[in-house]
Amino acid sequence: TMPTPAQQLHNHLQTLKDGWPILSLIAAKKANIMARSTGNGTHSIAPIPVNIDAWQLKQDIDLLTRKLTRAAGLHPHRGMAVPALLKGIMLHETNLLTHDDADTITEQIALAAERMDRMLNPPPACKMIGPCPKCGYELWCTELEMFSGYKACDRCRGEWRIKDVQQASVLRLALGGAQGTAAAIARWMDPYGVAVKPNTITKWAKRGILEPVNVDENGNPVYNVWDVWQTFTRRDNYKDK
């Protein structure tokens with residue numbers, strides 16, 4: 001028998017609540033905040049999450065949870081963590097079903113739960129290339145799809161050129177001013193199907209094709225993610241990729 005809308009809602013909220021700690025680990029563990037000196041002292045800049053999508057999904061669920069808290073008619077005290085808020089929402093989930101916006105709310109919760117499930121149980125032998133430009137669902141590609149250069153979204157059926165999705169993912173991070181060593185950037189780009197080796201990045205720098213923008217505490221050169229991506233795509237047809 002099909003679960004009722006109320007059961008589905010409960011299950012989706014449970015998925016978000018149970019998955020949150022693991023998602024937080026994936027997002028935080030693989031993040032590497034680089035400190036950068038500026039005119040007004042040193043400050044941290046955008047992290048280089050090896051999995052920026054886990055970090056992005058965490059932000060999206062955080063935002064959604066705060067919206068749901070209001071929709072459920074709750075008034076939590078400031079600084080309450082997402083799991084505690086979700087617990088409160090689950091105690092008042094019937095309020096969501098009777099809300100004027102119930103359809104939109106349940107759809108947003110279902111999508112978030114589905115994204116959480118995909119993130120924690122990725123399809124085997126697949127690479128994440130980034131979110132669907134239309135509906136935001138994470139796109140996972142098989143080797144064959146990577147080779148074909150195109151990917152259809154499992155959710156909205158939109159079809160995208162893989163390179164465009166990868167570029168948008170890198171752009172999101174690059175616009176935050178993300179930087180890293182050759183090894184950190186190579187490790188970060190790999191899940192997006194961008195196979196660039198650390199020594200290739202170093203080689204580009206030696207040839208003057210790529211300029212480091214800083215050095216880390218161990219004296220290793222630090223590059224802008226965006227500069228590496230641009231060099232990679234410009235030199236896409238060269239054998240030294």
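All values below were derived from every heavy atom in this structure, side-chain atoms included, with hydrogens, water molecules and symmetry-related copies excluded.
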I'd like to know whether Leu68 forms a side chain to side chain contact (heavy atoms under 4.5 Å, CB included) with Leu64, so could you lay out the CA-CA distance, the side-chain angles of the two residues, the decisive distance to 0.1 Å, and finally the verdict.
CA-CA 6 Å; Leu68 295 175; Leu64 176 65; 4.0 Å; yes

In one Ile/Leu/Val/Met/Phe/Trp/Tyr side-chain cluster, 4.5 Å: Leu91, Leu9:
no

Going by heavy atoms in the side chains, are Cys141 and Cys126 under 4.5 Å from each other?
no

Is there a path of hydrophobic side-chain contacts, each under 4.5 Å between heavy atoms, that joins Leu120 and Leu111?
no

Passes salt bridge (Lys or Arg N to Asp or Glu O under 4.0 Å), Lys151 versus Glu159? Steps please.
CA-CA 6 Å; Lys151 169 71 186 170; Glu159 191 163 346; over 6 Å; no

About how many Å separate CG of Leu210 and CG of Asp227, when rounded to the nearest 0.5 Å?
6.0 Å

If you measure from the Lys or Arg side-chain nitrogens to the Asp or Glu carboxylate oxygens, is any gap between Arg66 and Asp62 under 4.0 Å?
yes

Non-hydrogen atoms of Cys135 and Arg155 that approach each other most closely:
SG-CB, 4.1 Å

Minimum heavy-atom distance Thr65-Val82, with the two atoms named
OG1-CG1, 3.8 Å

I want to check something: taking the side chain as every heavy atom from C-beta on, are Lys203 and Ile209 in contact at a cut-off of under 4.5 Å?
no

For the atom pair CG (Leu86) and CD1 (Ile61), what is the distance rounded to the nearest 0.5 Å?
8.5 Å

Under the side-chain contact (heavy atoms from CB on, under 4.5 Å) test, which residues partner Asp117, sequence neighbours left out?
Asn121

Is Leu74 linked to Leu63 within one hydrophobic cluster, defined over Ile, Leu, Val, Met, Phe, Trp and Tyr using a side-chain heavy-atom separation of less than 4.5 Å?
no

Looking only at heavy atoms, which two atoms of Lys58 and Ser24 are closest? And how far apart?
CE-OG, 3.2 Å

Could you report the tightest heavy-atom contact between Ala182 and Ile201, atom names first, then the distance?
O-CD1, 3.6 Å

Could you report the tightest heavy-atom contact between Ile185 and Gly180, atom names first, then the distance?
CD1-O, 3.4 Å

Kindly determine whether Tyr137 and Arg118 satisfy side chain to side chain contact (heavy atoms under 4.5 Å, CB included), including the steps that lead there.
CA-CA 9 Å; Tyr137 193 61; Arg118 280 301 274 270; 2.9 Å; yes

Is the shortest heavy-atom distance from the side chain of Cys153 to the side chain of Leu139 under 4.5 Å?
yes

For residues Trp226 and Val228: do they belong to one hydrophobic cluster (side chain heavy atoms under 4.5 Å, members Ile, Leu, Val, Met, Phe, Trp, Tyr)?
yes

Gln166 side chain reached by Ile162 side chain, heavy atoms, under 4.5 Å
yes

Using 0.5 Å steps for rounding, measure from the OG1 atom of Thr106 to the NE2 atom of His99.
11.5 Å

Is there a side-chain contact between Tyr150 and Arg161 (heavy atoms, below 4.5 Å)?
yes

Student check: side-chain heavy atoms of Leu23 and Met116 closer than 4.5 Å
yes

In this structure, CG of Leu96 is separated from CG of Asp101 (nearest 0.5 Å) by 11.0 Å

Would you find a donor on one side and an acceptor on the other, under 3.5 Å apart, between the side chain of Asp216 and the backbone of Asn218?
yes

Backbone N or O of Thr4 within a donor-acceptor pair of the Gln7 side chain at under 3.5 Å?
yes

Any side-chain heavy atom of Asp60 sitting closer than 4.5 Å to one from Arg115?
yes

Is any side-chain heavy atom of Thr231 closer than 4.5 Å to a side-chain heavy atom of Val196?
no

Exercise: identify the closest heavy-atom pair between Tyr223 and Thr181:
CD1-C, 4.5 Å

If you round to the nearest 0.5 Å, how far is OG1 of Thr98 from NE2 of His92?
11.5 Å

Please check this pair: side chain of Gln108 against backbone of Ile105, looking for a donor-acceptor N/O pair closer than 3.5 Å.
no

Hey, could you give me the CD/CG distance between Glu114 and Asp154, rounded to the nearest 0.5 Å?
9.0 Å

Take a 6.0 Å sphere around CD of Glu143 and say whether it holds more than 12 heavy atoms from other residues, nucleotides or ligands.
no

I'd like to know if Trp160 and Met146 are part of one continuous hydrophobic network [Ile/Leu/Val/Met/Phe/Trp/Tyr, side-chain heavy atoms within less than 4.5 Å].
yes

